[in-house]
Every structure is written in C-alpha cells, then in structure tokens.
Amino acid sequence: MNRVAFLGLGRMGAAMATRLAQSGVDISAWNRTAGRGEAAAAAGAVIAKTPQSAVAGRDLIITMLSDERAVAEVVGRLAAEPGATVIEMSTISPDAVRQVRSMLPAEVGLIDAPVLGGVAQAATGTLHIFAGGEPHVVDRCEPVLSQLGTVQRCGALGSGAAVKLVVNLANISSMVVLGEALRLAGALGVDPDTAFGALARTALGSLAQGMRSRIETACVPVMFRTALAEESARLIASADGPADSVAMAVHLQLRSAIEAGLADQDVSAAIRKMAGS
Ligand SMILES: NC(=O)c1ccc[n+]([C@@H]2O[C@H](COP(=O)([O-])OP(=O)(O)OC[C@H]3O[C@@H](n4cnc5c(N)ncnc54)[C@H](OP(=O)(O)O)[C@@H]3O)[C@@H](O)[C@H]2O)c1
C-alpha cells in the first residue's frame with residue numbers, strides 16, 4: 001500500500017487529505033500554518049510539524065498549494081526519498097512544473113495533476129484530475145489519485161497544467177462575463193429575477209444558478225479565493241499572447257478586484273463588484 005505525504009491543507013488540500021484518510025490511505029499531512037489539519041487528523045491522517053517529517057518514509061508526496069511561489073518554496077526544501085514520486089496538484093503553469101522537475105533529484109519522480117472541481121468535489125472524491133507525466137510514473141500514482149476523482153491522462157510532464165489553464169480560461173472568463181451581464185442588466189433596468197431567469201437559458205446557465213445566492217448575499221463561505229482566480233488569469237494571459245485577448249481583459253478585471261481589497265474573499269465577491277451591486 002502507498003504511504004502518502006500531503007503538503008498544503010488549505011481549502012482544497014484539507015478536503016483532499018481528509019478524503020484520502022477516509023478512503024483508508026496511510027497519510028501524513030503538513031500545513032505551513034498549524035491548526036488546519038483537524039478534519040484530516042480525525043479521519044486518521046498523522047499531522048506532521050514540518051514538510052521533512054511529513055515526507056520521511058513516504059513514497060507518494062502530494063503538493064496542493066496556492067501558487068508557483070509556494071510550490072517552489074516547499075519543493076525547494078523537500079528531502080524526498082529516492083524512488084518517491086511527487087504529485088503536484090496546485091494550479092501552476094507548465095513552465096513552473098518543469099522548474100519543479102529541475103529542483104528534484106533524478107531518482108525522485110514527478111507528475112503534474114491539477115484538478116477541476118472545488119471543495120465539495122474534493123470531499124466526495126469526484127474531482128477531475130488532469131495528469132501529465134511519463135505513463136509508468138502516472139501508473140504509480142493512479143490508485144491513490146482515483147480516490148480523489150477521475151484521472152485524465154493528458155500527455156508528457158506539464159500537459160496536465162496546460163489543460164488546466166485551458167479549462168480555467170473557460171471557467172474564469174465565464175465568471176467575469178456573468179458579472180458583466182449582471183451589470184448590463186442593471187444598467188438597462190432588467191430586474192435580477194428576470195436577468196437570472198434569462199441567463200439560465202444561456203451557456204452561463206449553471207454558473208449563474210450555482211453562484212446566484214453567493215453573488216447576491218454575503219459571498220460566503222469562501223470556496224475559491226479571488227487571489228487564486230486572479231493568479232490563474234495571470235498565468236493564462238501570459239501564456240495566451242496577444243494584449244487584446246479575452247484572457248488579458250479577464251486578468252485586468254480580476255486585478256482590479258484585488259486592488260479593491262477582495263483578494264481573500266470568495267470570487268463571487270469579485271463578480272458582485274463587476275455587477276456593480
Ligand atoms: N478552491 C478551489 O475551488 C480550487 C479548485 C481547483 C483548483 N484550485 C487550486 O488549488 C490550489 C489550492 O487552492 P485552495 O483553494 O486550497 O487555496 P487556499 O485555501 O488559499 O490554501 C492555500 C494553501 O497554500 C499554502 N501556502 C501558501 N503559500 C505557502 C508557502 N509559501 N509555503 C507553504 N505553504 C503555502 C497555504 O498555507 P497556509 O494555511 O499556511 O496559508 C494553504 O495550505 C490553488 O492552486 C488553486 O488555484 C482551487
């Protein structure tokens with residue numbers, strides 16, 4: 001049986017580590033800030049005080065951290081055992097995945113495996129996982145990853161990260177378009193019930209329905225921080241090239257939400273700001 005180390009118990013990481021422990025996986029978990037591992041510990045995870053103690057004797061090491069900087073900081077200090085495999089699941093760029101590769105010894109394996117789905121899907125093992133890496137290395141990771149969701153093999157190392165950015169362009173730009181559609185509705189005097197009812201018939205339908213109550217009320221609980229949406233949009237805009245791309249416009253909108261102090265609020269707060277309500 002695999003012995004797993006899980007590094008990063010934020011919103012997603014805590015739910016994923018708990019899910020793995022509940023599935024009977026032997027897991028040791030670490031988070032930079034103490035006190036975020038209670039649910040995982042209650043499900044049977046051992047909470048480690050340092051990343052080094054978390055990875056000692058572990059053959060699979062999962063990282064689920066906010067961004068590229070966090071991943072580089074944590075991986076840079078790792079003493080993974082020869083023969084171990086790192087499964088990098090944060091949303092980072094393909095270049096950052098290759099940088100992680102260069103930071104690890106050759107005898108430590110690496111795959112990138114970012115996820116589609118949020119905290120609810122993490123908790124129920126229904127994420128969609130975009131895996132990049134050599135097939136035999138992905139093979140080693142699949143039994144554990146399949147406890148978290150469906151694994152889609154995307155190709156060579158970095159290809160999972162690439163597909164995740166493609167998917168996030170669709171998802172995050174849809175959120176921004178939803179904010180603009182609601183602002184347009186307000187400007188034209190269309191009441192919210194009519195606007196949401198009409199939007200339900202469009203490509204934004206399920207998004208509008210799923211986010212309506214959080215956009216209109218308190219934007220809680222925080223499920224996906226605006227800062228993470230903005231970071232994703234930044235990665236997409238830098239990969240996407242033209243200055244007049246949709247990706248760039250989406251990034252600028254989210255940047256302005258950050259400047260308005262919404263970084264640690266749910267992304268629904270940014271949509272609400274865009275909607276002008
Ligand atoms: N939330 C979602 O719905 C969702 C869905 C799909 C993918 N994702 C992606 O999954 C990743 C995690 O998202 P999340 O929502 O779980 O984020 P989060 O709740 O903000 O948690 C971020 C995690 O990263 C850690 N971290 C940040 N900087 C660090 C550093 N320098 N050194 C060590 N640890 C550091 C945090 O530790 P502390 O507790 O110490 O701050 C925390 O464990 C992101 O890449 C995000 O884009 C999120």
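All values below come from the heavy atoms of this structure, side chains included, with hydrogens, waters and symmetry mates left out. What you are looking at is a predicted structure, and each value in this text was computed from that prediction instead of being measured.
A salt bridge does not link D67 with R234: none of the charged nitrogens is closer than 4.0 Å to a carboxylate oxygen. Classification of E142 and R153 as a salt-bridged pair holds, one side-chain N sitting under 4.0 Å from a carboxylate O. Ion pair R3/D59 not flagged as a salt bridge, since none of the NZ, NE, NH1 or NH2 atoms sits closer than 4.0 Å to an Asp/Glu carboxylate oxygen. Ion pairing between R58 and E81 fails under the 4.0 Å rule for side-chain N and carboxylate O. Using a 4.0 Å cut-off between charged nitrogen and carboxylate oxygen, R101 and D112 do not count as a salt-bridge pair.
For the pair R19 (side chain) and Q147 (backbone), a donor-acceptor distance under 3.5 Å is present. The closest donor-acceptor contact from the side chain of T202 to the backbone of L204 lies under 3.5 Å. The main-chain N or O of A48 is never found under 3.5 Å from a side-chain atom of S53 such that the two would form a donor-acceptor pair. Formation of a donor-acceptor pair under 3.5 Å by the T150 side chain with backbone atoms of S146 is not found in this model. N168 places no side-chain N or O within 3.5 Å of a backbone atom of S232 that could act as its donor or acceptor partner.
Between V100 and T63, every side-chain heavy-atom pair lies at or beyond the 4.5 Å cut-off. With a 4.5 Å cut-off on side-chain heavy atoms, L78 and V55 count as touching. Looking at E180 and Q253, their side chains come closer than 4.5 Å, going by heavy atoms from C-beta outward. Between V4 and S28, every side-chain heavy-atom pair lies at or beyond the 4.5 Å cut-off. You'll find the side chain of F6 reaches within 4.5 Å of the side chain of M16, heavy atoms only. Inter-residue side-chain proximity for W30 and I47 is flagged as unmet; no heavy-atom pair is nearer than 4.5 Å. Between I92 and P114, every side-chain heavy-atom pair lies at or beyond the 4.5 Å cut-off. Within the 4.5 Å cutoff, the side chain of R11 has heavy atoms near those of the R225 side chain.
Taking OG1 from T226 and CG from D264, the interatomic distance works out to 8.5 Å, rounded to the nearest 0.5 Å. In this structure, Q121 CD and M12 CE are separated by 7.5 Å, a value rounded to the nearest 0.5 Å. Taking CG from L228 and OG1 from T91, the interatomic distance works out to 8.0 Å, rounded to the nearest 0.5 Å. Between the CD1 atom of I236 and the CD1 atom of I172 there is a distance of 5.0 Å, given to the nearest 0.5 Å. In this structure, the separation between CG on L65 and CG on N31 is 8.5 Å, given to the nearest 0.5 Å. One distance of note links OG1 of T18 with CG of L9; it measures 7.5 Å at 0.5 Å rounding.
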Please output the side-chain donor-acceptor pairs of residues 127-136 that fall under 3.5 Å, not counting sequence neighbours, one pair per line with the distance.
residue	atom	partner	partner atom	Å
H128	NE2	Q152	OE1	2.8

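Residues L116 and M89 do not share a hydrophobic cluster, clusters being chains of Ile/Leu/Val/Met/Phe/Trp/Tyr side chains in contact below 4.5 Å. No path of Ile, Leu, Val, Met, Phe, Trp and Tyr side chains, each step under 4.5 Å between heavy atoms, connects M248 with L254, placing them in separate hydrophobic clusters. Hydrophobic clustering, with ILVMFWY side chains joined whenever heavy atoms are under 4.5 angstrom apart, groups I61 together with L110. Linking ILVMFWY side-chain heavy atoms closer than 4.5 Å, directly or via other members, places L7 and L104 in a single hydrophobic cluster. At a threshold of 4.5 Å between side-chain heavy atoms, the hydrophobic network of Ile, Leu, Val, Met, Phe, Trp and Tyr places V176 and L169 in two separate groups.
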Determine whether S93 and D95 satisfy the following criterion, side-chain hydrogen bond (donor to acceptor under 3.5 Å, both in side chains), listing intermediate values before the conclusion. CA-CA 5 Å; S93 67; D95 282 349; 5.3 Å; no
So S256 and K273, side-chain contact (heavy atoms from CB on, under 4.5 Å) or not? Walk me through it. CA-CA 10 Å; S256 108; K273 173 185 174 296; 3.2 Å; yes
Begin with the C-alpha distance, continue with both residues' side-chain angles, and end with the deciding distance and a verdict on side-chain contact (heavy atoms from CB on, under 4.5 Å) for L145 and I111. CA-CA 11 Å; L145 288 178; I111 69 166; 3.9 Å; yes
Kindly determine whether V267 and E230 satisfy side-chain contact (heavy atoms from CB on, under 4.5 Å), including the steps that lead there. CA-CA 9 Å; V267 70; E230 189 270 339; over 6 Å; no
L199 and L178: side-chain contact (heavy atoms from CB on, under 4.5 Å), yes or no, with the steps? CA-CA 9 Å; L199 286 169; L178 175 60; 3.9 Å; yes
Decide side-chain hydrogen bond (donor to acceptor under 3.5 Å, both in side chains) for N171 and S174; before the verdict, give the C-alpha distance in whole Å, the side-chain angles of both, and the deciding distance to 0.1 Å. CA-CA 5 Å; N171 283 347; S174 297; 5.5 Å; no
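Within a 6.0 Å sphere centred on CZ of R77, other residues, nucleotides and ligands contribute more than 12 heavy atoms.
In plain terms, the two heavy atoms of A161 and P94 that are nearest each other are CB-N, 3.9 Å. Counting all heavy atoms, side chain and backbone alike, P192 lies closest to E216 at CB-OE2, 3.7 Å. Minimum heavy-atom separation, A208 to F196: O-CE2, 3.6 Å. Pairing each heavy atom of A21 with each of A40, the nearest pair is CB-O, 4.1 Å. Closest approach of A170 and S173 over heavy atoms only: O-OG, 3.4 Å. The nearest pair of heavy atoms linking G160 to C154 is N-CB, 4.1 Å.
Residues forming a side-chain hydrogen bond (donor to acceptor under 3.5 Å, both in side chains) with Q22 (at least two apart in sequence, or on another chain): none.
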